[in-house]
Amino acid sequence: MRRHPGRREAAGQVSAADRGGDPGLPSARGAAVGRRIGIGLMYGLWRPRVLGAWRVPAAGPVILAVNHTHAVDGPLLMGTAPRPVHFLIKKEAFTGPLDPFLTGIGQIEVDRTAADRVAITRALGVLGNGGVLGIFPEGTRGEGDFASLRSGLAYFALRSGAPVVPVAVLGTAGRRGRAIPALPPLRTRVDVVFGGPFEAGDGSGRRTRSALDEATVRIGERLTAHLADARRTTGRG
């Protein structure tokens with residue numbers, strides 16, 4: 001079995017990769033290291049079934065909009081997406097050894113209580129460099145039904161012009177493992193379903209408040225429709 005780098009090794013690789021680059025932007029090489037770690041962990045702990053990954057554009061900026069019901073949803077997507085992903089992650093997760101690790105694998109710390117200009121700049125930088133930005137558009141864990149969207153996703157989509165790919169993660173919520181109760185049962189199947197990319201804007205190029213509100217509604221309709229389709233496809237109701 002191919003060895004996957006651990007936290008300390010990942011941080012070292014990323015630090016070397018970033019020398020001479022823009023220290024303010026998340027490391028693309030770090031995200032690639034994070035993807036390899038995610039592949040090893042997610043396929044080692046569970047049995048992911050990935051559907052529609054071919055729908056993710058192979059190059060250029062992309063925003064993955066993911067429903068969120070469990071703490072493993074982010075790592076699961078990192079290990080199953082066809083491209084390395086830079087996630088916007090709440091600042092509360094960047095504590096202790098997780099701080100340098102998450103930063104090292106190209107993830108973006110965000111303060112959800114205010115307009116975090118640093119996080120916004122870094123996220124737009126990822127898209128400007130043709131990378132993949134991962135967002136939980138509901139802002140926090142919940143029912144995972146896209147019922148209440150924040151405007152951040154629409155903002156990034158309109159500012160960058162990047163297409164949005166809806167992603168449904170199913171099978172992680174409401175199940176407690178025997179070995180580790182905080183996690184879904186080990187070696188069980190979880191589904192990750194990618195939808196088709198779409199443009200959040202109306203084609204006018206407007207970035208006004210009304211355009212942002214309209215884009216948020218448009219995105220919500222597409223994400224909800226994809227989730228319903230994913231549930232029918234996977235038989236998860």
Side-chain angles (χ1 to χ4, degrees), residues 5 7 9-39 53-66 73-91 93-94 98-112 115-137 150-167 192 194-201 203 205 207 211-212 215 219:
R7 294 180 179 179
E9 181 181 347
Q13 290 185 31
V14 172
S15 178
D18 281 344
R19 293 190 188 109
D22 186 341
L25 292 182
S27 167
R29 185 174 298 182
V33 171
R35 179 171 181 266
R36 293 200 298 271
I37 296 173
I39 290 172
W54 56 270
R55 295 190 175 103
V56 179
V62 179
I63 300 174
L64 300 183
V66 193
D73 294 337
L76 183 61
L77 187 64
M78 289 176 62
T80 56
R83 295 172 59 185
V85 182
H86 301 268
F87 259 105
L88 281 165
I89 301 175
K90 62 182 181 180
K91 70 174 185 178
F94 288 74
L98 278 179
D99 185 356
F101 173 67
L102 291 174
T103 301
I105 61 172
Q107 306 310 295
I108 304 171
E109 177 181 354
V110 60
D111 183 351
R112 298 177 298 172
D116 191 334
R117 302 304 304 176
V118 173
I120 292 171
T121 298
R122 290 173 176 170
L124 290 174
V126 165
L127 296 171
N129 287 338
V132 180
L133 180 67
I135 295 180
F136 297 116
R150 296 191 175 187
S151 60
L153 172 53
Y155 174 82
F156 288 120
L158 293 182
R159 277 289 305 270
S160 67
V164 177
V165 172
V167 186
V192 182
F194 294 87
F198 65 90
E199 301 296 329
R207 297 179 182 175
L212 186 65
I219 289 171

> Please walk me through it: do Val132 and Val165 pass side-chain contact (heavy atoms from CB on, under 4.5 Å)?
Replying inline: CA-CA 10 Å; Val132 180; Val165 172; over 6 Å; no
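The two residues Pro166 and Gly196 have their closest heavy-atom pair at CD-O, 3.4 Å. For Gly106 against Pro26, the heavy-atom pair with the smallest separation is O-CB, 3.4 Å. Residues Ala200 and Ile219 share a closest heavy-atom pair of CB-CD1, 3.7 Å. Residues Phe94 and Ile108 approach most closely at CZ-C, 3.9 Å, considering heavy atoms. Closest heavy-atom contact between Gly125 and Leu25: CA-CD2, 3.9 Å. Among all heavy-atom pairs drawn from Val164 and Ala65, the shortest one is CG1-CB, 4.0 Å.
Shown here are the salt bridge (Lys or Arg N to Asp or Glu O under 4.0 Å) partners of Asp99, two or more places apart in sequence or in another chain: there are none. With sequence neighbours excluded, the residues forming a side-chain contact (heavy atoms from CB on, under 4.5 Å) with Ala162 are Pro61, Ile63, Leu127, Ser160, listed by chain and number. For the side-chain hydrogen bond (donor to acceptor under 3.5 Å, both in side chains) test, no residue two or more places apart in sequence or in another chain qualifies with Arg83.
Side-chain contact between Val192 and Val66: absent, with no pair of heavy atoms (C-beta onward) separated by less than 4.5 Å. Val33 has its side chain out of reach of Ser27: every pair of non-hydrogen atoms, C-beta onward, lies at least 4.5 Å apart. Residues Phe156 and Ile120 meet the side-chain proximity criterion, which asks for heavy atoms closer than 4.5 Å.
Looking only at distances, a side-chain donor or acceptor of Arg122 sits under 3.5 Å from a matching main-chain atom of Gly24. Proximity of a side-chain donor or acceptor of Arg112 to a complementary backbone N or O of Lys90 within less than 3.5 Å is not detected. The backbone N or O of Asp111 sits less than 3.5 Å from a side-chain atom of Asp116, completing a donor-acceptor pair. In terms of modelled atom types and a separation under 3.5 Å, the side chain of Arg35 and the main chain of Ala81 share a donor-acceptor contact.
Between atom OG1 of residue Thr80 and atom CD1 of residue Ile39 there is a gap of 9.0 Å, rounded to the nearest 0.5 Å. A distance of 15.5 Å separates CZ in Arg29 from CD1 in Ile105, rounded to the nearest 0.5 Å. Here the CD1-CD1 distance, from Ile135 to Ile89, works out to 12.0 Å after rounding to the nearest 0.5 Å. With rounding to the nearest 0.5 Å, the separation of CG in Leu124 from OH in Tyr155 is 5.5 Å. The CD atom of Gln107 lies 4.0 Å from the CE atom of Met78; values are rounded to the nearest 0.5 Å. Atom-to-atom distance recorded for Phe87:CZ and Phe136:CZ is 4.0 Å, nearest 0.5 angstrom.
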